[in-house]
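Working notes, structure below.
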Number of protein chains: 2
Amino acid sequence: MVSSLPPAAVDPASEGPAFSPLYQQIKTLITRSLQAGEWRPGEMIPSETELAARYKVSQGTVRKAIDALADENLVMRRQGKGTFVATHTEQKIQFRFLRLMADDGDTGNVTRRVIDCRRLRAPADVGRALELKTGDGVVQVRRVMLFRSVPVVLDDIWLPGHLFKGLTAERLSEYRGPMYGLFETEFGVRMIRAEEQLRAVAADPAAAELLNVKAGAPLLSVERLSRTYDDKPVELRRGLYNTEAHYYRNELS
Amino acid sequence: MVSSLPPAAVDPASEGPAFSPLYQQIKTLITRSLQAGEWRPGEMIPSETELAARYKVSQGTVRKAIDALADENLVMRRQGKGTFVATHTEQKIQFRFLRLMADDGDTGNVTRRVIDCRRLRAPADVGRALELKTGDGVVQVRRVMLFRSVPVVLDDIWLPGHLFKGLTAERLSEYRGPMYGLFETEFGVRMIRAEEQLRAVAADPAAAELLNVKAGAPLLSVERLSRTYDDKPVELRRGLYNTEAHYYRNELS
DNA sequence: GAGTGGTCTAGACCACTGA
DNA sequence: CAGTGGTCTAGACCACTCG
């Protein structure tokens with residue numbers, strides 16, 4: 001009756017994975033290389049056969065690992081060409097993080113205007129969200145996004161100071177394109193995923209003036225916490241969206 | 001120089017798939033069976049080996065088809081048990097369509113109160129969204145959702161009349177659990193995916209009274225168009241969310 | 001122990017890209 | 001044309017569930 005049970009030496013009721021498939025381990029290794037910058041954003045990573053040889057596994061196992069990375073938008077596959085490190089400087093990746101659409105469907109020119117950029121000690125709630133130690137410095141940016149020259153979004157952004165040493169209002173203003181592109185190329189910080197909390201709020205006087213609405217007008221508040229590869233938070237953002245002629249689009253499936 | 005080109009008999013510059021992998025075709029066949037009700041929600045579908053035999057393909061090809069269906073939440077895989085048709089009557093599937101969270105994380109009791117349920121000709125905008133012919137009938141439902149007995153969501157719902165013949169306020173009130181569960185078990189209509197448009201709006205007097213807020217208070221407006229298997233729209237819903245103590249949660253990746 | 005989904009392999013071939 | 005990712009197969013074995 002009593003059979004030998006060598007693999008179950010630990011408490012079987014305890015939590016824990018106790019088994020990690022090979023392709024998961026390969027995925028972790030590739031993610032580490034991405035994080036370490038072995039391949040830069042936009043660059044091609046080694047072919048599946050190369051990686052299979054490097055890790056001493058079959059091509060199919062590497063394939064499954066890369067499939068998972070592609071699902072998470074860490075890399076992009078292009079048949080016939082190769083697999084490429086995802087980059088925020090690509091046009092087609094824009095609406096992954098900015099879900100605002102114009103009522104008429106027009107995706108006309110987007111411009112950004114920096115209102116303020118300063119360094120300060122992290123306020124308590126910001127420090128908590130960014131998992132900083134009390135007293136750590138942050139960079140605070142306030143900026144407006146304009147669609148066809150009309151202000152629609154007012155963003156307050158907090159960034160860990162130690163990751164964004166040379167960031168100034170000038171650097172931000174000079175840069176054309178999405179802010180995450182600047183973060184990626186200039187500071188090596190890549191936003192991978194984020195959680196957003198949406199609410200309807202009344203415009204305070206300052207926001208009302210910047211967005212050209214009446215004080216008390218309803219605005220969509222979007223609080224976003226962005227994370228990088230290892231799930232460490234690297235940005236807290238509070239946006240106020242004027243949704244009179246735009247809407248936040250979401251797909252449920 | 002001139003080689004034979006039998007497979008490219010059509011204009012090569014024209015759009016079109018011109019190639020559909022086997023697993024895609026299998027996926028389509030399985031989806032048809034789901035739509036036809038060959039397996040009911042919650043039931044187990046045939047095993048991978050059975051389906052492979054039925055369709056005369058390898059088990060790996062069936063596997064890839066089912067993987068895609070699982071990604072789209074049409075079926076749920078459970079190792080050691082089988083693959084099951086997704087159902088809205090499961091507790092863990094709730095927050096896929098209701099993204100509202102309480103600030104304190106409490107997911108306490110949710111109750112629903114039907115305010116009104118009537119049949120009428122589809123208003124122009126509703127008919128257009130639901131892709132109905134002018135003059136077609138719709139069922140309109142107005143209801144409130146309460147979290148811990150506090151009204152938080154006011155929903156106006158429009159449904160194609162011909163799909164919901166016996167639907168009355170009584171049927172709605174009697175049913176415990178999410179409305180989509182009732183639609184699925186009583187009317188055979190299954191919501192598969194949806195698009196939502198979010199805005200901040202000011203509460204009108206009627207909504208303000210039902211949600212127990214002041215007129216003009218900011219509310220989150222959520223307009224949802226739900227679709228079934230063949231992407232045909234089957235529900236239009238306009239929700240007003242009081243986000244004073246709740247927020248709409250979204251994940252970006 | 002039988003049945004299910006999950007992993008891993010090795011190999012063949014197809015579709016796409018670009019030189 | 002060579003090189004890439006994409007598909008398909010067949011078979012072996014593993015992990016999980018349940019009677």
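The chains referred to below are lettered A, B, ... by the order of the sequence lines, with proteins before strands, and numbering in each begins at 1.
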**Rounded distance (Å) that lies between atom P of C/dT7 and atom CD1 of B/I66** = 14 Å

**Request:** Look at A/T83 and D/dG5 and indicate whether a side-chain polar atom (N or O) is within less than 4.0 Å of OP1 or OP2.
**Result:** yes

**Request:** Would you jot down, in residue-number order, the residues of residues 47-64 of chain A having a non-hydrogen atom under 4.0 Å from DNA chain C?
**Result:** A/V57, A/S58, A/T61, A/K64

**Request:** May I ask you to check whether A/Y248 and B/N250 show a side-chain donor-acceptor distance below 3.5 Å?
**Result:** yes

**Item:** Distance, rounded to the nearest Å, where A/Q79 contributes CD and D/dG5 contributes P
**Value:** 10 Å

**Message:** If I take atom CE in residue A/M44 and atom P in nucleotide D/dG3, what distance separates them, rounded to the nearest angstrom?
**Reply:** 12 Å

**Prompt:** Taking it one step at a time, do A/D104 and A/R148 satisfy salt bridge (charged side-chain N to carboxylate O under 4.0 Å, His left out)?
**Reply:** CA-CA 12 Å; A/D104 56 20; A/R148 281 176 285 183; 3.3 Å; yes

**Prompt:** When you check the gap from the basic side-chain N to the acidic O, do B/R99 and A/E196 get nearer than 4.0 Å?
**Reply:** no

**Message:** I want to check something: taking the side chain as every heavy atom from C-beta on, are B/E195 and A/R249 in contact at a cut-off of under 4.5 Å?
**Reply:** yes

**Asked** Between A/R193 and A/D231, is the closest basic N to carboxylate O distance under 4.0 Å?
**Response** yes

**Item:** Within residues 21-42 of chain A: residues closer than 4.0 Å to DNA chain C (heavy atoms)
**Value:** A/P21, A/L22, A/Y23

**Asked** With a distance cut-off below 6.0 Å to the six-membered ring centre and an angular limit of 45° from the axis, does A/R78 pair with A/F84 as a cation-pi contact?
**Response** yes

**Request:** Find the distance B/D67:CG to C/dG5:C1' and express it as a whole number of Å.
**Result:** 10 Å

**Asked** Considering only side-chain heavy atoms of B/R77, which listed nucleotide, C/dG5, D/dT17, C/dT17, is closest?
**Response** C/dG5

**Prompt:** Hey, does A/I30 have a side-chain heavy atom less than 4.5 Å from the side chain of A/Y55?
**Reply:** yes

**Message:** Can you measure B/M76 atom CE to C/dG5 atom P for me and round it to whole angstrom units?
**Reply:** 14 Å

**Item:** Between C1' of C/dA19 and NZ of A/K81, the distance in whole Å
**Value:** 13 Å

**Request:** Begin from the C-alpha positions of A/Q59 and A/E48 and carry the test side-chain hydrogen bond (donor to acceptor under 3.5 Å, both in side chains) through to its verdict.
**Result:** CA-CA 6 Å; A/Q59 192 230 11; A/E48 294 177 355; 2.8 Å; yes

Kindly list each side-chain donor-acceptor pair under 3.5 angstrom involving residues 180-192 of chain A, sequence neighbours excluded, with atom names and distances?
unit_1, atom_1, unit_2, atom_2, d
A/Y180, OH, A/R224, NH1, 2.9
A/Y180, OH, A/S226, OG, 3.2
A/Y180, OH, A/E235, OE1, 2.4
A/Y180, OH, A/E235, OE2, 3.4
A/E184, OE1, A/H88, N, 2.9
A/E184, OE2, A/T87, OG1, 2.5
A/T185, OG1, A/G181, O, 3.1
A/E186, OE1, A/R171, NH2, 2.8
A/R190, NH1, A/Y229, OH, 2.7
A/R190, NH2, A/L34, O, 3.0

